[in-house]
Amino acid sequence: QVQLVESGGGLVQAGGSLRLSCAASGSTFSSYAMGWFRQAPGKEREFVAAISRRAYTIYYADSVKGRFTISRDNAKNTVYLQMNSLKAEDTALYYCTASRILSKSGSTYDYWGPGTQVTVSS
């Protein structure tokens, strides 16, 4: 079992930055690949970024590539999502997820946090 709690969301102007954090507890953090997904009102949940257990492999959605950076600190049981050059279309509820397998598919992830809201004003 893994418990995940996101933080760092908020309201920011277009072009600004936010850094999301996700603290994990309950199991060996370094055993899990970690991912970020998001869901905007009226839209389906979509993949944002994922990082392998030792950060050797990283995936990004095309829509965030070059603007967002995923990283992890296994000593702190935390995964991060640095978001720069934010756009209004980045507005969504952002979820942190954990899986034994690195994937871009939400169905692969076994554990999900409650989410943190990111709102970008244009």
Side-chain angles (χ1 to χ4, degrees):
Q1 289 282 340
V2 178
Q3 290 79 46
L4 303 171
V5 179
E6 305 94 339
S7 61
L11 174 64
V12 64
Q13 288 189 335
S17 299
L18 282 175
R19 188 195 197 200
L20 305 184
S21 299
C22 173
S25 62
S27 189
T28 306
F29 178 72
S30 59
S31 298
Y32 293 88
M34 300 298 296
W36 288 94
F37 287 75
R38 67 186 182 187
Q39 187 166 20
K43 295 187 177 181
E44 293 187 355
R45 181 181 63 196
E46 65 173 350
F47 168 76
V48 176
I51 187 168
S52 62
R53 289 175 291 176
R54 295 189 180 185
Y56 291 158
T57 304
I58 289 176
Y59 297 144
Y60 292 104
D62 289 343
S63 59
V64 307
K65 202 171 293 183
R67 299 188 299 121
F68 290 11
T69 303
I70 189 171
S71 61
R72 66 189 296 162
D73 185 337
N74 286 346
K76 295 183 178 180
N77 291 355
T78 302
V79 62
Y80 305 97
L81 186 67
Q82 177 67 44
M83 305 186 296
N84 299 329
S85 302
L86 282 161
K87 306 175 181 179
E89 50 263 44
D90 294 318
T91 295
L93 188 61
Y94 283 72
Y95 297 95
C96 173
T97 64
S99 171
R100 295 286 188 180
I101 301 171
L102 181 67
S103 170
K104 298 181 183 179
S105 172
S107 61
T108 305
Y109 289 83
D110 303 305
Y111 304 102
W112 295 75
T116 185
Q117 179 67 39
V118 172
T119 302
V120 183
S121 62
S122 56

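Not measured: the values here are computed from a predicted model.
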Who are the salt bridge (Lys or Arg N to Asp or Glu O under 4.0 Å) partners of Lys43, not counting sequence neighbours? none
Closest approach of Ser30 to Arg53 (non-hydrogen atoms, all atoms of both residues): O-CB, 3.2 Å
Closest contact, heavy atoms only, Gly115 versus Leu93: C-CD1, 3.8 Å
Can you tell me which residue pairs pass the disulfide bond (SG atoms under 2.5 Å apart) test with a partner in residues 25-74, sequence neighbours excluded? none
Residue pair Trp112 / Leu4, side-chain heavy-atom distance below 4.5 Å: no
Any idea which heavy atoms bring Leu18 and Gly8 closest together, and the distance? CD2-O, 3.8 Å
Counting only N and O atoms by type, is there a donor-acceptor contact under 3.5 Å from the side chain of Thr91 to the main-chain atoms of Thr119? no
Side-chain contact test, heavy atoms from C-beta onward, threshold under 4.5 Å: evaluate it for Leu20 versus Val118 and give yes or no. yes
Report yes or no: do Ile58 and Met34 belong to one cluster of Ile/Leu/Val/Met/Phe/Trp/Tyr joined by side chain heavy-atom distances under 4.5 Å? yes
Going by the disulfide bond (SG atoms under 2.5 Å apart) test, which pairs reach into residues 46-79, not counting sequence neighbours? none
Sequence neighbours excluded, every pair satisfying disulfide bond (SG atoms under 2.5 Å apart) that has a member inside residues 17-119: Cys22-Cys96
Of all the heavy-atom pairs spanning Ser52 and Tyr56, show the shortest one and how long it is. OG-N, 3.0 Å
Grab the two heavy atoms, one from Ser122 and one from Ala14, that are nearest each other, plus how far apart they are. CA-CB, 4.2 Å
Check: Phe29 main-chain N/O paired with Arg72 side-chain donor or acceptor under 3.5 Å: yes
Applying salt bridge (charged side-chain N to carboxylate O under 4.0 Å, His left out), which residue pairs with at least one partner in residues 94-116 are found, sequence neighbours left out? none
The side-chain contact (heavy atoms from CB on, under 4.5 Å) partners of Asp90 (sequence neighbours excluded) come to Arg38, Arg67, Phe68, Leu86, Lys87, Tyr94, Val120
Of all residues at least two apart in sequence or in a different chain, which pass the side chain to side chain donor-acceptor pair (under 3.5 Å) check with Glu89? none
Going by the rule side-chain contact (heavy atoms from CB on, under 4.5 Å), which residues pair with Ser71 if we only count those two or more places apart in sequence or in a different chain? Tyr80
Can you name the closest pair of heavy atoms from Tyr59 and Thr57 and give their distance? CE2-CG2, 3.8 Å
Student check: side-chain heavy atoms of Gln13 and Ser121 closer than 4.5 Å: yes
Non-neighbouring partners of Tyr109 that pass ring pair (Phe, Tyr, Trp, His ring centres under 6.0 Å), sequence neighbours left out: Phe37
Applying side-chain contact (heavy atoms from CB on, under 4.5 Å), name anything that partners Ala49, two or more places apart in sequence or on another chain. Tyr60, Ile70, Leu81
Under the side chain to side chain donor-acceptor pair (under 3.5 Å) rule, what pairs show up with a residue in residues 2-11, not counting sequence neighbours? none
Taking only residues two or more places apart in sequence, or in another chain, which ones meet Thr108 in a side-chain contact (heavy atoms from CB on, under 4.5 Å)? Ser99, Ile101, Ser103, Ser105
